[in-house]
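Below: the structure, in structure tokens.
The analysis underlying the following values was restricted to heavy atoms, covering all of them including side chains, and did not include hydrogens, waters or symmetry mates. Just so we're clear, the structure is a prediction, and the values are computed from it rather than from any experiment. Atoms within a ligand are numbered from 1 in the order they appear, just like the ligands themselves.
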Amino acid sequence: MQIHKAAVVGAGTMGAQIAQAMSQAGVPVILMDLEPENVRRGIETIRKIYQASVEKGKMRAAEAVEKSAWVVGATDYDGFRDRDIVVEAVFEEMEVKRKVFTALDAICPSRTIFASNTSSLSISALAAATRRPKQVIGMHFFNPVYAMKLVEVIPGLDSSSETVADVVALSERLRKIPIKVQECPGFVVNRLLMPYLNEAAFALQEGAASSAEIDEAMKEFGMPMGPFTLLDMIGVDIAEKVSYILYDAFGPRMPVAALFPELVKAKRLGKKSGAGVYRYDNEKDERMQKILQNIREGTGVVRTRFKPERLVLLMVNEAAICLQEGVATAGDLDLALVAGTGFPPEIGGPLHYADRIGLDTILTELQRYAKELGPRFWPAPILKRMVGAGHTGLKSRRGFFTY
Ligand SMILES: NC(=O)c1ccc[n+]([C@@H]2O[C@H](COP(=O)([O-])OP(=O)(O)OC[C@H]3O[C@@H](n4cnc5c(N)ncnc54)[C@H](O)[C@@H]3O)[C@@H](O)[C@H]2O)c1
């Protein structure tokens with residue numbers, strides 16, 4: 001089905017930006033929120049995104065006016081009767097979202113696709129709140145939407161192939177890179193990124209290196225910013241919440257570093273609260289040293305070693321487990337990490353990285369770290385199988401990719 005008209009429910013951080021992306025692609029879109037003030041703010045956000053494009057010379061002023069006119073605000077569902085797709089971006093709470101889906105089901109025509117921008121909730125469970133589970137799907141955008149190319153497209157248990165195809169086509173029209181991901185906790189990007197951020201936190205709390213040293217080393221590896229700068233940007237509370245969801249799903253493979261809850265307890269939520277791992281007021285940071293000291297005394301784990309590989313290996317291993325589970329193809333896993341986290345494009349993603357280093361080396365390193373630091377480094381069974389079969393990567397011309 002060609003998508004002609006869209007709506008977005010929830011005019012917060014994500015909803016407003018998603019509506020902007022639709023309008024830029026020439027798709028008429030209703031931006032709906034229960035709160036009139038949030039609708040107003042959402043429309044203002046859209047205006048500012050267009051204004052920035054004009055100021056950067058990316059768009060003519062007349063074009064910006066013309067495109068922003070594709071968005072109309074609303075505080076009810078009255079205009080939803082002719083929509084082909086509705087993207088839901090309300091609070092990350094199952095009950096709130098299910099109520100929205102049930103209400104949409106009653107008002108929208110039978111053809112309408114419902115896409116959720118949820119970061120962590122089950123698409124299949126949301127679909128079950130409607131009488132059209134075939135047309136319910138995950139469409140996970142990344143913040144800021146205008147800069148982040150990736151969209152994870154997540155079919156639920158009942159989503160039809162037509163729904164998947166329509167949402168992939170719409171994502172491409174929005175000039176995004178859609179990647180099909182099988183439903184699993186954290187989807188691909190958060191499932192691979194969180195172990196990386198957690199490992200950075202473990203290294204810091206164990207005194208392996210300072211936050212600035214770890215950030216610098218990961219930038220040298222090629223990441224666009226260090227893990228702690230990123231953590232402070234995402235919000236320590238958000239990262240903590242996602243980490244617990246992943247721990248709940250995957251167990252000892254994804255323990256939550258004590259640093260996360262300790263920072264949250266100290267109200268250091270990141271840039272938005274004035275301090276996270278870093279302070280943003282140029283004052284000396286004695287509090288952070290105290291927090292780290294307390295964690296060290298509590299866990300008794302000190303003076304481990306830090307090398308960038310320690311963080312990257314966990315991404316490689318989790319990508320291998322995703323591949324093993326059929327969550328996404330090897331190419332899509334790598335593309336998701338490059339487009340969704342800024343993993344160095346010249347390396348090509350964690351699986352290309354592993355092929356280049358050699359899967360035998362990756363396996364040995366993981367085993368060594370598992371002995372030293374625990375089961376979160378336990379190698380994915382697929383790695384052992386591949387090494388046993390001589391599929392060691394670039395040097396044998398067969399690894400996650402063929403050469
Ligand atoms: N913020 C991010 O970086 C990010 C990234 C990817 C995905 N997400 C996901 O996107 C969704 C929205 O997140 P956000 O950060 O934009 O939230 P937000 O809190 O900024 O905005 C949510 C909006 O939904 C509105 N809302 C709540 N209940 C509603 C209802 N019943 N009907 C209509 N509007 C309603 C609220 O008034 C609010 O304006 C969540 O599922 C979140 O997990 C967020």
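- No N or O atom of E35 sits closer than 3.5 Å to an N or O atom of ligand 1.
- Taking any N or O of N38, backbone or side chain, at least one lies under 3.5 Å from an N or O belonging to ligand 1.
- The aromatic rings of Y353 and F221 stand perpendicular to each other, their planes meeting at an angle above 60°, with 30° marking the opposite boundary.
- Taking atom 9 (C) of ligand 1 as the reference point, the nearest protein heavy-atom neighbour is N117 O, 3.3 Å.
- Between D360 and K384 there is no salt bridge, since no side-chain nitrogen of the basic residue lies less than 4.0 Å from a carboxylate oxygen of the acidic one.
- Checked by atom type, the side-chain pair E92/S120 shows a donor-acceptor distance below 3.5 Å.
- Not a single heavy atom of F142 lies less than 4.0 angstrom from ligand 1.
- Less than 4.0 angstrom separates some heavy atom of V9 from each of these atoms of ligand 1: 32 (N), 33 (C).
- Contacts between K99 and ligand 1 below 4.0 angstrom, taking non-hydrogen atoms only, are absent altogether.
- Ion pairing between a basic and an acidic side chain is recognised when a charged N comes within 4.0 Å of a carboxylate O; D332 and K180 show no such pairing.
- Which parts of ligand 1 touch N143 is read off a 4.0 Å heavy-atom cut-off, strictly below it: atoms 3 (O).
- Between M14 and ligand 1, at least one N/O pair is under 3.5 Å apart.
- In summary, the atoms of ligand 1 found under 4.0 Å from a heavy atom of H140, numbered by their order in the structure, are 6 (C), 7 (C).
- V90 O, 3.4 Å is the protein heavy atom nearest to atom 11 (C) of ligand 1.
- The residues E325 and R191 are annotated as salt-bridged, a charged nitrogen and a carboxylate oxygen being separated by less than 4.0 angstrom.
- Nearest to atom 37 (O) of ligand 1 among the protein's heavy atoms is D33 OD1, 2.7 Å.
- Taking atom 32 (N) of ligand 1 as the reference point, the nearest protein heavy-atom neighbour is L34 CG, 3.4 Å.
- Among all non-hydrogen protein atoms, the one lying nearest atom 6 (C) of ligand 1 is F141 O, 3.3 Å.
- Within the listing of ligand 1, atoms 41 (O) sit less than 4.0 angstrom from a heavy atom of T118.
- Judged by distance alone, the side chains of R310 and T304 do bring a donor and an acceptor atom under 3.5 Å apart.
- Using a cutoff of 4.0 Å between basic side-chain nitrogens and carboxylate oxygens, R368 and E372 are scored as salt-bridged.
- Side-chain rings of F401 and H352 approach one another, their centers coming within less than 6.0 Å.
- For ligand 1, the atoms closer than 4.0 angstrom to any heavy atom of K97 are 40 (C), 41 (O).
- Annotation: Y146 is not in aromatic contact with F141 [ring centroid separation under 6.0 Å not met].
- Closest of all the heavy-atom pairs between L157 and E183 is N-OE1, 4.0 Å.
- Salt-bridge check for D82 with K5: passed, with a basic side-chain N closer than 4.0 Å to an acidic carboxylate O.
- Ring geometry for Y280 against Y278 counts as perpendicular: the plane angle is over 60°, on a 0 to 90° scale with 30° as the lower cut.
- Between E88 and ligand 1, no pair of N/O atoms sits closer than 3.5 Å.
- Ranking protein heavy atoms by distance to atom 41 (O) of ligand 1, first place goes to E92 OE1, 2.5 Å.
- Of all the atoms in ligand 1, the ones that sit under 4.0 Å from a non-hydrogen atom of V100 are 30 (C), 31 (N).
- In terms of protein heavy-atom proximity, atom 7 (C) of ligand 1 is closest to S119 OG, 3.1 Å.
- Per-residue contacts place V96 under 4.0 angstrom from the following atoms of ligand 1 (heavy atoms of the residue considered): 28 (N).
- Of the protein's heavy atoms, none falls inside 4.0 Å of atom 17 (O) of ligand 1.
- Closest to atom 21 (O) of ligand 1, if we only count protein heavy atoms, is G12 CA, 3.3 Å.
- Separating the CD1 atom in I214 from the CZ atom in F228 is a distance of 4.5 Å, to the nearest 0.5 Å.
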